[in-house]
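Reckoned from all heavy atoms, side chains included, excluding hydrogens, waters and symmetry mates.
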Amino acid sequence: MNSPDSRVAARAAASAQAVTAADDSFKYWRFCLACGPIFLLAYFGFWGLLGYCVPPLPATMTAQEMAAHFQANAAQMRLGMVGAMTFAPTYMIWGLGITKVMETFEGNNRIMSTLQLWGAGLTVIPVLMCCVFILAGSYRADTLDPSIVQLMYDMSWLTISVCYSVTTMQMIAMGVIFLSDKRRTPLVPKWLCWYSIWGGFMFIGEDLMPFFKDGVFARNGLVNFWIEYSIYFFYMIFVTWYLFKAVTRLEAEARAGIPPLEAAQGRTGLLAHA
């Protein structure tokens, strides 16, 4: 029969193992969240700058003008698309980090966190495919018919813009779940939750892009490029910043033995700024 001292030692050992396991988990959560800025920087540099997508080449360019541009910059555009495709999966890894934080609010009913993860994963598909079209156009730019080169660039922008609905699903799911936080100081501020939901709905403006070749709704227009893409750029920065802080607080709650679901429902006395 175990003595009281041995039982106390066993509980202490189990607690130490739990803290170690929690430390390992949160380490990987932080790694996933760090992939957000990696994606932003890499995709902006490769796809945006090297690939001539920030800002987009205007839809008013003739087929001959587009083909001449591809021929003059073929090697640079290939490098840009290859680099962008290499880093594209980091977006889904970032989404996994968001999902792990969201799961602390849901218990066994992980509908919203699953929707968010699927949205992040599916977002990678248009992110990849838009690069494939430009890469294909630049691969044989010197021999392709100009109208085909033009088509490749058009298909690229139609893909990355009008397939926004999967990203909208991700943003709305995230905003909804974090609005349920009952902590005195929520892990994610309410304004960012509403920003996420609002930004997801704002992408509906991309549905107008196929009907315009110039003006504010064109692919290089004020609304459909500069405003829409800026909303999402800052969304990723804000979410990453606050979720890094959220992971630190969740780690403190775990060390204090506070069940995360109870903390989210405001049923503990843990300090808000743990």
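At a threshold of 4.5 Å between side-chain heavy atoms, the hydrophobic network of Ile, Leu, Val, Met, Phe, Trp and Tyr places L96 and V166 in two separate groups. Side-chain heavy atoms closer than 4.5 Å link hydrophobic residues (I, L, V, M, F, W, Y) into clusters, and following such links, possibly through other members, connects I98 to V124. Using a 4.5 Å cut-off between side-chain heavy atoms of Ile, Leu, Val, Met, Phe, Trp and Tyr, with links allowed through other members, L243 and F234 fall into the same hydrophobic cluster. The hydrophobic clustering, which links ILVMFWY residues whose side-chain heavy atoms are closer than 4.5 Å, places M209 and F225 together. In the hydrophobic clustering of this structure, M236 groups with I227; members are Ile, Leu, Val, Met, Phe, Trp, Tyr whose side-chain heavy atoms approach within less than 4.5 Å, directly or through other members.
Taking T114 as the reference, R110, W118 meet the side-chain contact (heavy atoms from CB on, under 4.5 Å) condition, with sequence neighbours excluded.
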| query | Does the pair F46 and V82 meet the rule for a side-chain contact (heavy atoms from CB on, under 4.5 Å), with working shown? | reply | CA-CA 8 Å; F46 285 110; V82 169; over 6 Å; no
| request: Just do the side-chain contact (heavy atoms from CB on, under 4.5 Å) check on I237 and F233 with the steps written out, would you? | output: CA-CA 7 Å; I237 293 175; F233 180 85; 3.4 Å; yes
| request: Report the C-alpha distance between T185 and R249 in whole Å, list the side-chain angles of each, state the deciding distance to 0.1 Å, and finish with yes or no for side-chain contact (heavy atoms from CB on, under 4.5 Å). | output: CA-CA 11 Å; T185 301; R249 290 179 57 187; 3.9 Å; yes
| task | Test Y153 against F133 for ring pair (Phe, Tyr, Trp, His ring centres under 6.0 Å), laying out the working first. | result | CA-CA 7 Å; Y153 198 81; F133 294 131; over 10 Å; no
| task | Give the intermediate values and the outcome of side-chain contact (heavy atoms from CB on, under 4.5 Å) for residues H69 and Q64. | result | CA-CA 9 Å; H69 177 87; Q64 288 71 26; over 6 Å; no
| said: For a ring pair (Phe, Tyr, Trp, His ring centres under 6.0 Å) check, start with the C-alpha distance between W241 and F238, then their side-chain angles and the critical distance, and finish with the verdict. | reply: CA-CA 5 Å; W241 172 259; F238 294 149; over 10 Å; no
| message | Could you walk me through whether W157 and W47 satisfy the ring pair (Phe, Tyr, Trp, His ring centres under 6.0 Å) test, starting with their C-alpha distance in whole Å, then the side-chain angles of each, then the deciding distance to 0.1 Å, before giving a yes or no? | response | CA-CA 12 Å; W157 275 96; W47 173 80; 5.4 Å; yes
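In the displayed structure, M152 atom CE is contacted under 6.0 Å by more than 12 heavy atoms of other residues, nucleotides or ligands. The neighbour count for Y139 OH, taken as heavy atoms of other residues, nucleotides or ligands under 6.0 Å away, does not exceed 12. Within 6.0 Å of the CD1 atom in I204, the count of heavy atoms belonging to other residues, nucleotides or ligands does not exceed 12.
Using a 3.5 Å distance cut-off with no hydrogens or angles, the side chains of S113 and T99 do not pair a donor with an acceptor. In this model, no donor atom of one side chain and acceptor atom of the other lie less than 3.5 Å apart for W191 and Y195. Inspection of the T240 and Y235 side chains reveals no N or O donor paired with an N or O acceptor under 3.5 Å. For the residue pair D207 and Y164, a side-chain donor N or O sits within less than 3.5 Å of a side-chain acceptor on the partner.
Taking 4.5 Å as the limit, every side-chain heavy atom of Y28 sits out of range of all side-chain heavy atoms of K100. Using a 4.5 Å heavy-atom cutoff, the side chains of L50 and M77 are not in contact. Using a 4.5 Å heavy-atom cutoff, the side chains of I231 and W198 are in contact. Side-chain atoms of V162 and P210, non-hydrogen and from C-beta on, do get closer than 4.5 Å to each other. Under the 4.5 Å side-chain criterion, counting only non-hydrogen atoms from C-beta, L179 is not in contact with V176. Side-chain contact between Q76 and Y52: present, with at least one pair of heavy atoms (C-beta onward) separated by less than 4.5 Å. Using a 4.5 Å cut-off on side-chain heavy atoms (C-beta onward), S161 and Y229 make contact. Contact check for Y242 versus V101: no side-chain heavy atoms found under the 4.5 Å cut-off.
For the pair R78 (side chain) and S138 (backbone), a donor-acceptor distance under 3.5 Å is present. Remark: side-chain polar atoms of E228 are not paired, donor with acceptor, to backbone N or O of V223 under 3.5 angstrom. The backbone N or O of G205 sits less than 3.5 Å from a side-chain atom of N224, completing a donor-acceptor pair. Between the T159 side chain and the M155 main chain, a donor and an acceptor come within less than 3.5 Å of each other.
For E251 and R30, the salt-bridge test passes: some basic side-chain N is under 4.0 Å from an acidic carboxylate O. Between K190 and D181 there is no salt bridge, since none of the side-chain N atoms of the basic residue sits less than 4.0 Å from a carboxylate O of the acidic one.
Between the OG1 atom in T123 and the CE atom in M92 there is a gap of 11.0 Å [rounded to 0.5 Å]. Here the straight-line distance linking atom CZ of F203 with atom OG1 of T168 works out to 6.0 Å at 0.5 Å rounding. Rounded to the nearest 0.5 angstrom, T143 OG1 and Q71 CD are separated by 9.0 Å. Going from atom CG of L250 over to atom CG of L187 covers 5.0 Å, rounded to the nearest 0.5 Å. Atoms CG and OG, from L222 and S230 in turn, are 9.5 Å apart once rounded to the nearest 0.5 Å. Rounded to the nearest 0.5 angstrom, M66 CE and M61 CE are separated by 5.0 Å.
The shortest heavy-atom contact between Y43 and C131 is OH-SG, 3.4 Å. Summarising the geometry of C130 relative to I160, their closest heavy-atom pair is SG-CD1, 3.6 Å, with the distance given to 0.1 Å. Of all non-hydrogen atoms in R219 and L57, the two that sit nearest each other are NE-O, 2.8 Å. Minimum interatomic distance between V132 and M85 (heavy atoms only, all atoms of both residues): CG2-CE, 3.6 Å. The two residues F39 and F87 come nearest to each other via the heavy atoms CD1-O, 4.0 Å. Residues V149 and A67 share a closest heavy-atom pair of CG1-CA, 4.0 Å.
As a member of the Ile/Leu/Val/Met/Phe/Trp/Tyr network built from side-chain separations under 4.5 Å, I93 groups with F31.
Screening Q170, M171, E103 for a side-chain contact (heavy atoms from CB on, under 4.5 Å) involving Q116 leaves a single residue, Q170.
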